[in-house]
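The structure under discussion appears below in the form of structure tokens.
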Amino acid sequence: MLVGIGLKCYYSIQHLQAAAYLTRQASRIESCLSNEFNLELVALKAYVSSALFSSVAFLEALANEMYADAMQADGGHLSQLDQNSRKMIASLGETESVQKSAILTKFDLILTAAGKPTISRDCDPYQAVATVIRLRNEIVHYKAPFFDTGTENMVRTGNFNDSKLAKQIKGKFELRKNAQVLSGDSFLGHGLAEWSLQSSVKLADTIFSILNVDPYFDHVRENLGTKHITNDTAIDKPSDIN
């Protein structure tokens with residue numbers, strides 16, 4: 001008789017912990033940043049943008065994992081849902097249109113298939129995450145004018161400062177320490193990384209709460225600190241995202 005073994009991977013948890021790690025590294029560098037003209041700024045921006053990307057990757061992976069779990073006979077991590085709900089989610093997940101849908105749409109469809117209310121689109125965390133995703137897309141699919149800055153009528157159209165996106169993130173987090181007045185990317189700092197991570201976790205927690213399902217990532221919450229500290233642990237207690 002042949003005996004086999006199979007292990008299921010939930011890579012959303014890796015993306016989530018990576019986002020937290022990158023955010024802590026951004027905190028470490030920004031706390032020591034003395035000016036805008038050194039190589040440390042390059043490292044800071046690398047950590048911040050990577051944290052932003054990983055936060056969005058966490059949500060995308062999580063949605064896909066939930067559809068995959070619904071297709072399992074035992075429901076996987078969605079076993080707390082009734083069988084009919086899982087069948088509806090699984091049926092949707094098998095369609096090409098859903099597979100190609102936007103991240104937030106995938107979550108809306110999961111909730112609808114389970115007979116649950118969807119998250120309000122008019123407030124956070126939905127609005128926050130929609131902005132996080134848009135900012136991630138703008139940077140990944142960068143267009144030349146995006147980081148332009150200057151006086152009125154002296155910069156190209158399509159730059160960040162003149163966009164709705166700039167208004168949407170205003171006041172959501174602190175700008176980069178020591179950012180220059182005429183900086184087109186002053187939002188690329190620890191504040192953005194932290195806000196992206198926390199907004200993504202809050203959205204995921206809201207979805208699982210509506211479904212009455214334990215979050216997939218509960219067991220790694222202690223690894224989700226967002227600020228670097230100087231003692232041996234080097235990880236904050238993540239009380240702000242519990």
Side-chain angles (χ1 to χ4, degrees), residues 15-59 123-140 142 146-151 155 159-206 221-231 233-242:
H15 284 310
L16 179 59
Q17 292 183 100
Y21 169 78
L22 293 160
T23 300
R24 291 193 296 274
Q25 295 291 38
S27 171
R28 176 181 63 82
I29 294 179
E30 188 166 321
S31 65
C32 302
L33 195 65
S34 58
N35 60 64
E36 290 273 284
F37 303 101
N38 59 46
L39 290 177
E40 288 297 290
L41 181 59
V42 175
L44 173 60
K45 292 180 183 180
Y47 282 128
V48 172
S49 57
S50 296
L52 172 65
F53 302 161
S54 290
S55 294
V56 176
F58 155 66
L59 290 175
C123 57
D124 292 342
Y126 194 102
Q127 275 293 314
V129 169
T131 302
V132 167
I133 293 172
R134 183 183 169 195
L135 186 55
R136 174 261 189 189
N137 290 343
E138 290 285 357
I139 296 175
V140 170
Y142 160 78
F146 187 68
F147 289 111
D148 284 7
T149 185
T151 54
V155 292
N159 68 85
F160 168 79
N161 287 327
D162 292 338
S163 69
K164 290 182 180 179
L165 190 53
K167 298 179 177 65
Q168 290 169 344
I169 68 170
K170 186 176 181 179
K172 298 293 186 180
F173 52 85
E174 292 186 6
L175 300 181
R176 184 174 68 248
K177 177 183 175 183
N178 293 330
Q180 299 298 303
V181 175
L182 285 179
S183 173
D185 63 1
S186 59
F187 60 90
L188 283 178
H190 171 258
L192 170 61
E194 184 176 60
W195 180 67
S196 300
L197 170 62
Q198 292 177 351
S199 297
S200 297
V201 171
K202 286 177 182 176
L203 179 79
D205 276 335
T206 300
R221 284 189 189 271
E222 65 179 13
N223 300 333
L224 303 183
T226 57
K227 292 182 176 66
H228 177 81
I229 55 180
T230 56
N231 63 21
T233 62
I235 299 177
D236 261 5
K237 290 296 183 182
S239 57
D240 51 357
I241 56 176
N242 282 343

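Residues take their numbers from the sequence shown, with the count starting at 1. Bear in mind the structure is a predicted one, so any value in this text is a computation, not a measurement. What's counted below: heavy atoms across the whole structure, side chains too, no hydrogens, waters or symmetry copies.
- For the pair Asp185 (side chain) and Phe147 (backbone), a donor-acceptor distance under 3.5 Å is absent.
- Contact between Gly191 and Phe173 at its shortest, heavy atoms only, is O-CB, 3.5 Å.
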Point to revise | Residues Ile139, Leu188; criterion side chain to side chain contact (heavy atoms under 4.5 Å, CB included); working and verdict | key: CA-CA 11 Å; Ile139 296 175; Leu188 283 178; 4.2 Å; yes
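- One N or O on the side chain of Ser31 and one on the backbone of Arg28 form a donor-acceptor pair closer than 3.5 Å.
- Relative ring orientation between Phe187 and Phe160 is described as tilted, the plane-to-plane angle lying within the 30° to 60° band.
- No more than 12 heavy-atom neighbours from other residues, nucleotides or ligands sit within 6.0 angstrom of CD on Glu174.
- To the nearest 0.5 Å, atoms CH2 (Trp195) and OG (Ser200) are separated by 9.0 Å.
- Residues Leu52 and Val48 are not in side-chain contact: their nearest non-hydrogen atoms beyond the backbone lie 4.5 Å or more apart.
- A donor-acceptor contact shorter than 3.5 Å is absent between the side chain of Arg176 and the backbone of Lys45.
- Here the side chains of Leu135 and Leu192 are in contact, with some heavy-atom distance below 4.5 Å.
- For the pair Lys177 and His190, the minimum side-chain heavy-atom distance is 4.5 Å or more.
- The minimum heavy-atom distance between Leu224 and Ala20, with the atom names listed, is CA-CB, 3.7 Å.
- Residues Ser196 and Ser55 come closest through the heavy atom pair C-OG, 3.7 Å.
- Side-chain contact between Ser27 and Thr23 is absent, with no heavy-atom pair separated by less than 4.5 Å.
- Of all heavy-atom pairs spanning Glu138 and Leu165, the tightest one is CG-CD2, 4.0 Å.
- Residues Thr149 and Asn159 have side chains not in contact (no heavy-atom distance under 4.5 Å, counting atoms from C-beta outward).
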Exercise for review: Take Tyr21 and Gln25 through the test side-chain hydrogen bond (donor to acceptor under 3.5 Å, both in side chains) and record every step on the way to the result.
Suggested key: CA-CA 6 Å; Tyr21 169 78; Gln25 295 291 38; 2.7 Å; yes
Point to revise | Derivation of the side chain to side chain contact (heavy atoms under 4.5 Å, CB included) call for Leu44 and Leu41 | key: CA-CA 5 Å; Leu44 173 60; Leu41 181 59; 4.2 Å; yes
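- In this structure, Asp124 and Ala128 approach most closely via the heavy-atom pair OD1-N, 3.0 Å.
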